[in-house]
Amino acid sequence: MERQVQETLVDTHPAFVVTEPAKQDLWDTVLDQIDDVARRLNLDPGIHAILRQPERELTVSVPVVMDEGLIKVFTGYRIQHSSARGPCKGGIRYHPDVNLNEVRALAALMTWKCAVVGIPYGGAKGGVQCDPSQMSEDELCRMTRRFTAMIMPIIGAKRDIPAPDVNTNAQTMAWISDTVSMLERKTVIDIVTGKPIPLGGSLGRKEATGRGVAIVTAELLKRKRRKLSDTTVTVQGYGNVGSHVATILHQMGCRIAAVSDVSGGLYNPQGLDIASINQHITAHPRRLLEGYEAPGVEKITNDELLVSDVDVLIPAALEHQIRADNAPYVQAKIIVEGANGPTTREGDEILNDRGVIVVPDILANAGGVVVSYFEWVQDLQCFFWDEAEVNRNLKRIMVRSFKEVWDFSREQGVSLRLGACMLAVDRVAGAVQARGIFP
Ligand code: NAD
């Protein structure tokens, strides 16, 4: 009886934001990959066991007074997968699908990502299960401040440094920095990266992930002896990552044949006018592609976009977009993963069998965390670089990392995904071994 009453309350009372069952897939994929890599590297079983579990997981409830005066309680997470190579680093995501296993998986991917590009961080991720499209700016601000207060015990410049991810941005980071500053009664800017420039943000951070994706795409095309000007590209997702990668590859000479976002896709095999699309997005109240029209531009669905006839496909939206059901029909011969986890395990196997080259997320989209690292360095030193210096150092690290993964994968005869993961796990395992087990 008591349980029935409780269930009814949870189902009907607006204070409860009902949590859906956790999706297992991405975390399962990550665990399978760790197991496979551990076997191939002949990893010490104890270190393998350490890497299979996040170091620390915090689940918090986040009560927020909504604009109409009601209280809603959201669920938030901050998960630190590994601090073996340095303070943990990873974004904060606001999305209805955020759940424990997804955050675990994304935290582990951050550990590998930081290791594969050789920056001195471990991996973390956070998120709040909410639908930001249904919330006002004031509600998002209050939710962010309360969430920050709840995770404050485990974050910090030398502990764990959050950054933006899906549906969070420089403003979100400013609220986090300000909340910590108010509670600690001092200015704290080095606790988050991806901040606005006047609050200690780095020039070039906003474009960094997209720029990194563009740099590795160009490096791969060079290895394939393909000219950028002869290459057609499709980008799924036109948010922070997708819009910048489309813009930068377009500037480098590629033809962008299709782009899409949550409102649908645009297609022109002759090449889209990216500057006018960017103008449209800037003017749109929700920064969407919907309503864009131009001669020769057709509307397509996201499903059609993924299988369109182009040379390079860049998924830059959410997880699990390329799966067993659509991987056989993907026509691109190169996929560069701008998003985290856009390809399922089954999808990946099909692409591999078909000879499609996939540049994995942990390498392809690492540009964001690389410039986050530059931002953190600048904040700690209170000494700021110009944009050319940021971009020069980003390029140096992305080109070097791509070469290391490319050469290692060829030596081992494995895919770029497996090669990148093997390199990363080996580096993290080396750090765990060098530290030893405390106490
Ligand atoms: P964002 O919120 O700025 O953009 C997401 C985009 O995807 C939006 O254009 C949205 O409309 C679109 N989208 C959502 N659902 C879609 C669907 N079903 N089909 C097509 N488009 C859809 O987020 P972002 O920061 O650009 O992140 C995108 C991806 O890149 C995520 O996987 C994120 O984890 C990853 N990533 C982001 C960064 C970064 O610096 N922002 C760094 C590394 C990885």
Side-chain angles (χ1 to χ4, degrees), residues 26 89-98 102-103 105-107 109-110 112-114 116-117 123-127 131-133 140 162-173 192-195 201-202 204-213 216 234-247 258-266 277-278 280-281 284 286-290 292 300-306 313-323 326 336-343 360-375 394 398:
L26 191 56
K89 189 87 188 79
I92 289 178
R93 173 177 294 202
Y94 292 168
H95 196 274
D97 291 343
V98 164
E102 180 186 79
V103 183
L106 294 170
L109 290 178
M110 284 306 297
W112 312 145
K113 191 178 298 184
C114 294
V116 93
V117 290
K125 201 78 178 191
D131 185 354
S133 69
L140 285 170
D165 192 71
V166 176
N167 294 324
T168 57
N169 53 28
Q171 178 59 71
T172 323
M173 298 305 114
V192 278
T193 58
K195 297 179 295 292
S202 176
R205 172 62 185 87
K206 196 161 35 91
E207 303 83 1
T209 307
R211 186 175 298 281
V213 175
V216 298
T234 274
V235 181
Q236 185 204 33
Y238 211 75
N240 181 293
V241 180
S243 66
H244 288 118
V245 72
T247 305
V259 297
S260 70
D261 67 11
V262 74
S263 69
L266 307 171
I277 291 177
N278 289 343
H280 172 86
I281 290 274
H284 190 284
R286 289 187 295 133
R287 300 185 68 80
L288 291 176
L289 297 167
E290 78 182 354
Y292 178 84
I300 54 168
T301 65
N302 264 294
D303 290 342
E304 288 166 339
L305 173 135
L306 292 172
L313 167 62
I314 301 182
L318 295 173
E319 296 82 48
H320 295 166
Q321 299 301 302
I322 305 168
R323 303 167 303 263
N326 58 6
V336 185
E337 295 185 332
N340 285 315
T343 313
D361 46 8
I362 58 170
L363 170 64
N365 70 29
V369 75
V370 169
V371 175
S372 273
Y373 163 55
F374 298 160
E375 179 175 334
L394 171 64
M398 294 307 295

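Just follow the structure's listing: the first ligand is 1, and inside any ligand the first atom is 1.
Regarding atom 29 (C) of ligand 1, its nearest protein heavy-atom neighbour is A317 O, 3.1 Å. Of the protein's non-hydrogen atoms, T209 OG1, 2.7 Å is the one closest to atom 40 (O) of ligand 1. Atom 25 (O) of ligand 1 has as its closest protein heavy atom N240 CB, 3.7 Å. Among protein heavy atoms, the minimum distance from atom 23 (O) of ligand 1 is reached at V166 CA, 3.8 Å. Here the heavy atom of the protein found nearest to atom 8 (C) of ligand 1 is G239 N, 3.8 Å. Regarding atom 2 (O) of ligand 1, its nearest protein heavy-atom neighbour is N167 N, 3.2 Å. Atom 11 (O) of ligand 1 has its closest protein heavy atom at V262 N, 3.0 Å. Protein heavy atom in closest approach to atom 24 (P) of ligand 1: V241 CG2, 4.0 Å.
The shortest heavy-atom contact between V103 and K125 is CG1-O, 3.3 Å.
Under the 4.0 Å criterion applied to side-chain N and carboxylate O atoms, E319 and R93 are assigned as salt-bridge partners.
Relative to atom 36 (N) of ligand 1, the option among L289, N340, V369 with the closest non-hydrogen atom is N340. Among T193, V213, D261, the residue whose heavy atom lies closest to atom 21 (N) of ligand 1 is D261.
For the pair H95 and ligand 1, no heavy-atom separation below 4.0 Å is found.
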Which side-chain N or O atoms in residues 235-242 pair as donor and acceptor under 3.5 Å with protein atoms at least two apart or in another chain?
residue	atom	partner	partner atom	Å
Q236	NE2	Q321	OE1	2.9
Y238	OH	N278	OD1	2.7
N240	ND2	K206	O	3.4

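For ligand 1, the atoms closer than 4.0 angstrom to any heavy atom of Q236 are 19 (N), 20 (C). The atoms of ligand 1 that sit less than 4.0 Å from any heavy atom of R93 are 31 (C), 32 (O), 33 (C), 34 (O). Residue-ligand proximity, L318 to ligand 1, at heavy-atom distances under 4.0 Å covers atoms 15 (N).
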